[in-house]
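Shown next, in structure tokens, is the structure this report addresses.
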Amino acid sequence: MVVDSSALSLPANEKFAKALQFIEEMTKNADKVQEKVLAEILAQNANTEYLQRFKLDGATDGYTFKSRVPIVTYEDLQPEIQRIANGDRSPIFCSHPISEFLTSSGTSAGERKLMPTIRQEMDRRQLLYSLLMPVMNLYVPDLDKGKGLYFLFVKAETKTPGGLLARPVLTSYYKSDHFKTRPYDPYNVYTSPDEAILCPDSFQSMYTQMLCGLLMREDVLRVGAVFASGLLRAIKFLQQNWRHLAHDISTGSLNPRVTDLSIKERMAKILKPNPNLAEFIVNECEGENWERIIPRIWPNTKYLDVIVTGAMAQYIPLLDFYSGGLPQACTMYASSECYFGLNLKPMTKPSEVSYTIMPNMGYFEFIPHDPANPVYPNRETVDLADVEVGREYELVVTTYSGLCRYRVGDILRVTEFHNSAPQFKFVRRKNVLLSIDADKTDESELQKAVENASVLLKDFNTTVVEYTSFADTSTIPGHYVIYWELLVKDPVNAPSDDVLAKCCFVMEESMNSVYRQCRVADNSVGPLEIRVVKNGTFEEVMDYAISRGASINQYKAPRCVSFTPIVELLDARVVSAYFSPAAPYWTPERRV
Ligand code: AMP
């Protein structure tokens with residue numbers, strides 16, 4: 001066990017000192033805290049239908065729990081979750097009333113997973129948030145001398161048949177009193193007014209947040225969004241809207257596309273004519289060169305606050321380009337199921353980021369994961385304090401809201417220990433083939449989409465012989481590219497351009513609701529593209545893989561590619577390309 005508490009020993013003030021001390025206490029006693037958390041959860045939920053089923057008979061220890069309660073996936077719990085959604089208020093998973101559902105960006109049968117949550121969990125999440133600035137302050141001082149320009153958004157919410165709200169965890173947080181009536185904290189002053197963050201119209205919200213960021217540009221000390229893709233979307237928005245924004249700043253009048261009354265009222269107090277600032281913005285934005293645009297417009301920015309680990313790593317080069325290499329701080333690791341932990345060294349470069357799971361947030365177990373043999377061989381789980389440096393594990397969580405031994409789907413690698421608490425590199429999410437923003441598309445979803453689109457080719461005696469995919473993030477927003485090798489049996493009656501464009505659309509319609517929401521409501525994913533490649537291309541891809549050591553017998557065409565030489569090979573063989581001509585269907589309502 002490596003003991004390293006030096007980084008946390010320089011408190012800036014009493015509140016921060018207390019927070020750092022709390023982190024030390026939790027991480028020094030990871031195993032004891034975990035035991036206590038499990039005992040609390042099991043005692044709290046002892047009389048629930050779910051735990052009663054496994055006859056714990058009042059036991060609250062790890063051994064009994066693990067030997068009697070099974071490890072589960074979302075699909076295992078779905079019947080009970082559906083009952084709660086339909087209005088069953090009996091204590092099914094949790095003895096506390098379910099306050100709402102958090103909708104995960106992970107999907108099941110094409111719809112967001114519904115995670116039941118309780119009111120008390122908000123306090124636990126708040127606690128983790130309260131630890132972020134004390135840690136950051138150790139590395140970046142004086143953040144109380146200015147503001148944060150954060151692009152934060154609420155998303156659509158729905159009600160389940162039984163009347164419970166279903167919405168993403170951050171939407172739930174921004175709409176809560178915890179956020180709306182937060183006491184003034186000089187370390188957490190945002191340029192964005194709450195009215196803009198809470199506006200459900202993404203254009204009006206983004207426009208106002210960008211406008212305020214520009215108006216207060218000298219005050220901005222950090223620029224952020226939840227994920228890297230969100231920050232890049234904001235830059236793109238500035239590229240598309242700087243003339244309107246500069247006009248508003250020059251004249252002191254708000255763009256008529258912003259119609260939200262609470263925003264208009266708030267902006268009437270903030271927006272005053274400032275022709276000099278408008279001229280500055282025009283000068284910076286009208287040229288072709290957008291390199292270093294972030295420090296050019298916000299010269300006092302000390303770092304970017306965005307998650308660039310996991311699927312978001314693909315955006316690091318572009319963020320470097322726009323920020324002139326400003327540090328990219330990944331501060332926390334969280335999910336709808338449970339907020340897990342934080343990065344105790346937030347200034348480390350993205351490839352070296354590790355998150356420390358806070359033992360007070362839930363009860364954590366780890367399924368050893370062998371990258372060479374990813375099927376779970378029914379082995380015992382390992383406790384938080386017992387994982388080994390260098391090994392990979394799949395995270396399993398038991399929460400106060402009533403999830404028991406739930407497989408989150410994340411693969412983590414232990415990098416080192418902080419006191420007795422392990423630190424984890426986020427390796428990847430299981431079964432995700434393609435991801436641009438919050439969307440996560442797995443192999444079977446892609447297969448189904450290709451099958452559905454292929455139906456259109458039947459009339460033309462054409463089949464898809466082989467396909468693969470690529471998340472193209474060279475433009476913002478990024479989009480899915482599907483490479484198709486076709487067998488056209490009757491070249492005189494080959495599918496037309498229109499038919500192939502329609503195939504793109506059918507594929508999009510087949511995707512899960514998070515993908516379609518990104519396309520329709522958030523504009524965070526661009527139209528899907530099919531690139532038809534020359535016959536024989538996939539054989540070349542195979543030859544290439546074999547020349548690099550793949551076994552001929554076991555070779556299967558990859559369903560997603562990211563390795564540049566393969567993408568280049570495919571692109572060099574493209575004979576025609578098609579884009580989806582329309583956005584797919586999406587509403588916040590779930591399909592039943
Ligand atoms: P959701 O349930 O939609 O809130 O998504 C939670 C998932 O997002 C986690 O299980 C991870 O797969 C991913 N995620 C959250 N935080 C991070 C992070 N800091 N780095 C990489 N992936 C993350």
Side-chain angles (χ1 to χ4, degrees), residues 73-74 81 100-108 111-117 121 125 128-129 132 135 153 155-157 166-174 224-231 304-316 328-346 348-358 361-362 364 366 369 392-397 399 401 403 406-413 415 423-442 512-515 517-518 522 524:
T73 62
Y74 184 80
I81 288 179
E100 62 182 313
F101 280 109
L102 302 177
T103 56
S104 161
S105 58
T107 55
S108 172
E111 292 296 330
R112 286 173 176 270
K113 292 176 183 164
L114 290 174
M115 297 297 167
T117 190
E121 272 300 281
R125 292 194 277 268
L128 193 66
Y129 284 130
L132 302 181
V135 172
F153 300 92
K155 298 205 176 180
E157 57 188 35
R167 53 192 180 178
V169 62
L170 289 174
T171 299
S172 165
Y173 177 63
Y174 300 143
V226 179
F227 289 114
S229 52
L231 183 53
L304 306 182
D305 191 343
V306 276
I307 290 178
V308 282
T309 42
M312 291 293 142
Q314 60 192 333
Y315 296 109
I316 293 171
Q328 295 164 13
C330 300
T331 57
M332 69 189 280
Y333 170 41
S335 76
S336 317
E337 293 89 332
C338 181
Y339 275 26
F340 305 119
L342 74 173
N343 178 359
L344 295 180
K345 294 178 190 155
T348 37
K349 57 179 181 185
S351 57
E352 284 164 21
V353 167
S354 288
Y355 299 100
T356 304
I357 292 188
M358 288 297 285
M361 299 301 292
F364 304 104
F366 298 84
H369 177 83
E392 288 187 7
Y393 298 90
E394 183 189 334
L395 179 61
V396 172
V397 70
T399 66
S401 301
L403 293 177
Y406 178 88
R407 294 172 82 162
V408 175
D410 289 347
I411 306 290
L412 310 174
R413 184 183 312 124
T415 53
Q423 305 190 295
F424 295 92
K425 182 183 164 78
F426 182 92
V427 178
R428 65 187 172 84
R429 192 170 169 98
K430 270 182 9 183
N431 303 331
V432 174
L433 205 60
L434 288 163
S435 175
I436 297 283
D437 187 43
D439 56 300
K440 299 171 178 65
T441 298
D442 70 21
N512 65 48
S513 75
V514 178
Y515 175 91
Q517 181 172 9
C518 287
D522 306 344
S524 56

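As the structure lists them, so they are numbered: ligands from 1, and atoms in each ligand from 1.
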Classify the contact between [X] and ligand 1 as side chain, backbone, both or neither, using a heavy-atom distance cut-off of under 4.0 Å.
X	answer
A311	neither
M332	backbone
D410	side chain
V408	side chain

When only distance counts, is [X] in polar contact with ligand 1, meaning an N/O pair under 3.5 Å?
X	answer
T103	no
K440	no
Y333	no
S335	no

Quiz item: Step by step, would you call R112 with Q517 a side chain to side chain contact (heavy atoms under 4.5 Å, CB included)?
Solution: CA-CA 11 Å; R112 286 173 176 270; Q517 181 172 9; 2.9 Å; yes
What protein heavy atom is closest to [atom], reported as residue, atom name and distance in Å?
atom	result
atom 20 (N) of ligand 1	T309 OG1, 2.6 Å
atom 2 (O) of ligand 1	S336 OG, 2.8 Å
atom 7 (C) of ligand 1	R429 NH1, 3.6 Å
atom 15 (C) of ligand 1	A334 O, 3.0 Å

Looking at every heavy atom in both [X] and [Y], which two are closest together, and how far apart are they?
X	Y	value
L114	F101	CB-CD2, 3.6 Å
S105	V514	O-CG2, 3.6 Å
M312	A228	SD-N, 3.9 Å
E337	S335	OE1-OG, 2.8 Å

Exercise. Check the angle between the aromatic planes of Y406 and Y74 and answer parallel, tilted or perpendicular using the 30° and 60° thresholds.
Key: perpendicular
Self-check item: Chi angles and distances behind the ring pair (Phe, Tyr, Trp, His ring centres under 6.0 Å) call for Y129, Y173
Solution: CA-CA 11 Å; Y129 284 130; Y173 177 63; 4.7 Å; yes
Exercise. Check each atom of ligand 1 against the heavy atoms of S105 and keep those under 4.0 Å away; list them by number with element.
Key: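 Near S105, meaning under 4.0 Å from one of its heavy atoms, ligand 1 has 1 (P), 2 (O), 3 (O), 5 (O).
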Exercise. Using the side-chain hydrogen bond (donor to acceptor under 3.5 Å, both in side chains) rule, pick out the option among D410, T309, T356 that qualifies with Y333.
Key: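 With Y333 as partner, D410, T309, T356 yield a single side-chain hydrogen bond (donor to acceptor under 3.5 Å, both in side chains), made by D410.
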Practice problem: Could you please spell out the steps behind the ring pair (Phe, Tyr, Trp, His ring centres under 6.0 Å) verdict for Y393 and F364? | Solution: CA-CA 11 Å; Y393 298 90; F364 304 104; over 10 Å; no
Self-check item: Option nearest atom 19 (N) of ligand 1 (shortest heavy-atom distance, choices F426, Y339, Y355)
Solution: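 The option holding the nearest heavy atom is Y355.
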Self-check item: Pair S172, E100: side-chain N/O donor-acceptor within cut-off below 3.5 Å
Solution: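 There is such a pair (donor and acceptor under 3.5 Å, judged by atom type) between the side chains of S172 and E100.
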Practice problem: Decide whether the shortest distance between a heavy atom of C330 and an atom of ligand 1 is less than 4.0 Å. | Solution: no
